[in-house]
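For clarity, every value in this text was computed on a predicted model and none was experimentally measured.
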Amino acid sequence: MDEVNETRRRTGRRPKTAESGRTALLRAAMNQFSRKGYDGTSLRAVADEAGVDMALINRLFGGKAGLWSAMIDLAASHESRNAALAAIGDDTGMGVRQRLERFIDVVVDVSIDLPVFPGLLLQEASTPGERMDMLLDRLIGPFGRDALPLIEEGIRRKVIAEVAPNVFFSLLMSSITLTMAAPHHRRMISTDPAVLAEVVKAAAKAIFLR
């Protein structure tokens, strides 16, 4: 009976209250790819988590590479991140240090709200190639474009040490995302996401800002 019910669940219509098959697949893909990497993720596991037939992946995305690309596009369109970054850039009433602190807060908060962000960086950093280029262009690039003018201002005003702005950005992003994604780092700091976020925010500000 359980096998029959499982078959019906996977092949029948999705309940009206359920999210669309496409959305469910993208959410499942984020979870699977960020934890297991591209090569370690199976389409069967993604479909099972999404509660859909595996054939739907090919129909909607053309296969694993298309699913991965669509997942990156979804992560890059994260509305709360984009709104927060825009607010930092538009709020000229804040001092440069306060704006840099807000930027660090956004990076940490996104790493909590969107685990695919640090997870994929951790998974793909050791395998340069098309997927890593896609991550840099679509996911990391927007952070850099918004942050570099602020970082340059921070250097001019001595809030940041005199280093190349892109180097500062790379080190800041790497330290935060690695800490948020690596299980052993989380165990050393806290398994409570809220506590982890506050500790990482405070440490990043103390280490990277003057």
Side-chain angles (χ1 to χ4, degrees), residues 1-82 106-143 173-174 176-187 191-194 196-197:
M1 181 64 69
D2 289 341
E3 292 180 2
V4 172
N5 289 336
E6 176 65 13
T7 300
R8 287 175 179 169
R9 183 183 68 82
R10 289 174 53 80
T11 61
R13 292 173 178 256
R14 295 176 64 78
K16 290 183 179 181
T17 56
E19 60 188 358
S20 71
R22 188 178 195 279
T23 300
L25 281 169
L26 288 173
R27 290 185 184 279
M30 282 187 177
N31 182 47
Q32 293 287 328
F33 282 129
S34 64
R35 290 190 300 109
K36 302 176 183 177
Y38 186 87
D39 294 332
T41 294
S42 72
L43 295 185
R44 173 70 65 190
V46 174
D48 285 346
E49 183 176 331
V52 301
D53 192 283
M54 191 170 69
L56 186 62
I57 295 175
N58 287 326
R59 290 202 297 272
L60 292 176
F61 305 104
K64 190 174 185 179
L67 175 64
W68 200 90
S69 179
M71 175 204 63
I72 295 299
D73 285 339
L74 178 62
S77 66
H78 194 253
E79 292 182 0
S80 64
R81 183 208 69 178
N82 296 336
V106 170
V107 175
V108 174
D109 288 340
V110 170
S111 296
I112 291 289
D113 297 339
L114 196 65
V116 67
F117 179 63
L120 286 179
L121 288 177
L122 184 64
Q123 292 288 345
E124 298 294 334
S126 61
T127 55
E130 183 178 356
R131 292 194 305 276
M132 190 61 198
D133 291 341
M134 197 180 300
L135 275 173
L136 293 174
D137 291 341
R138 300 186 195 176
L139 207 53
I140 303 301
F143 271 108
M173 296 294 288
S174 298
I176 291 175
T177 55
L178 177 61
T179 303
M180 303 300 286
H184 60 282
H185 284 311
R186 295 200 302 270
R187 285 196 297 270
T191 56
D192 182 330
L196 175 65

Does R35 have any salt bridge (charged side-chain N to carboxylate O under 4.0 Å, His left out) partners at least two apart in sequence or in another chain, and if so, which? none

Tell me which pairs pass side-chain hydrogen bond (donor to acceptor under 3.5 Å, both in side chains) where either residue lies in residues 55-70, with sequence neighbours left out. S69-R138

Measuring from atom CG of L74 to atom CG of L26, what distance do you get when rounded to the nearest 0.5 angstrom? 5.5 Å

Restricting to non-hydrogen atoms, name the atom on V52 and the atom on G21 that form the minimum distance, rounded to 0.1 Å. CG1-CA, 4.2 Å

Considering all heavy atoms, the nearest M30-M71 contact: CG-CG, 3.4 Å

State which residues pass side-chain contact (heavy atoms from CB on, under 4.5 Å) with T177; sequence neighbours excluded, sorted by chain then number. S111, F117, P118, L121

Residues that R22 engages under side chain to side chain donor-acceptor pair (under 3.5 Å), provided they are two or more places apart: none

Please find the pair of heavy atoms, one from L25 and one from L67, that lie closest to each other, and give the distance. O-CD1, 4.3 Å

Atom CE of M54 and atom CZ of R44: how far apart are they, to the nearest 0.5 Å? 4.0 Å

Distance in Å, L56 CG paired with S20 OG, rounded so as to fall on 0.5 Å steps: 9.0 Å

Quick one: CG on L196 to CZ on R187, what's the gap to the nearest 0.5 Å? 12.5 Å

Closest non-hydrogen atom pair between Y38 and A65, with its separation: OH-N, 3.3 Å

S174: what forms a side-chain contact (heavy atoms from CB on, under 4.5 Å) with it, not counting sequence neighbours? S170

Under the side-chain contact (heavy atoms from CB on, under 4.5 Å) rule, collect the residues that match up with T41, sequence neighbours excluded. Q32, F33, K36, V46

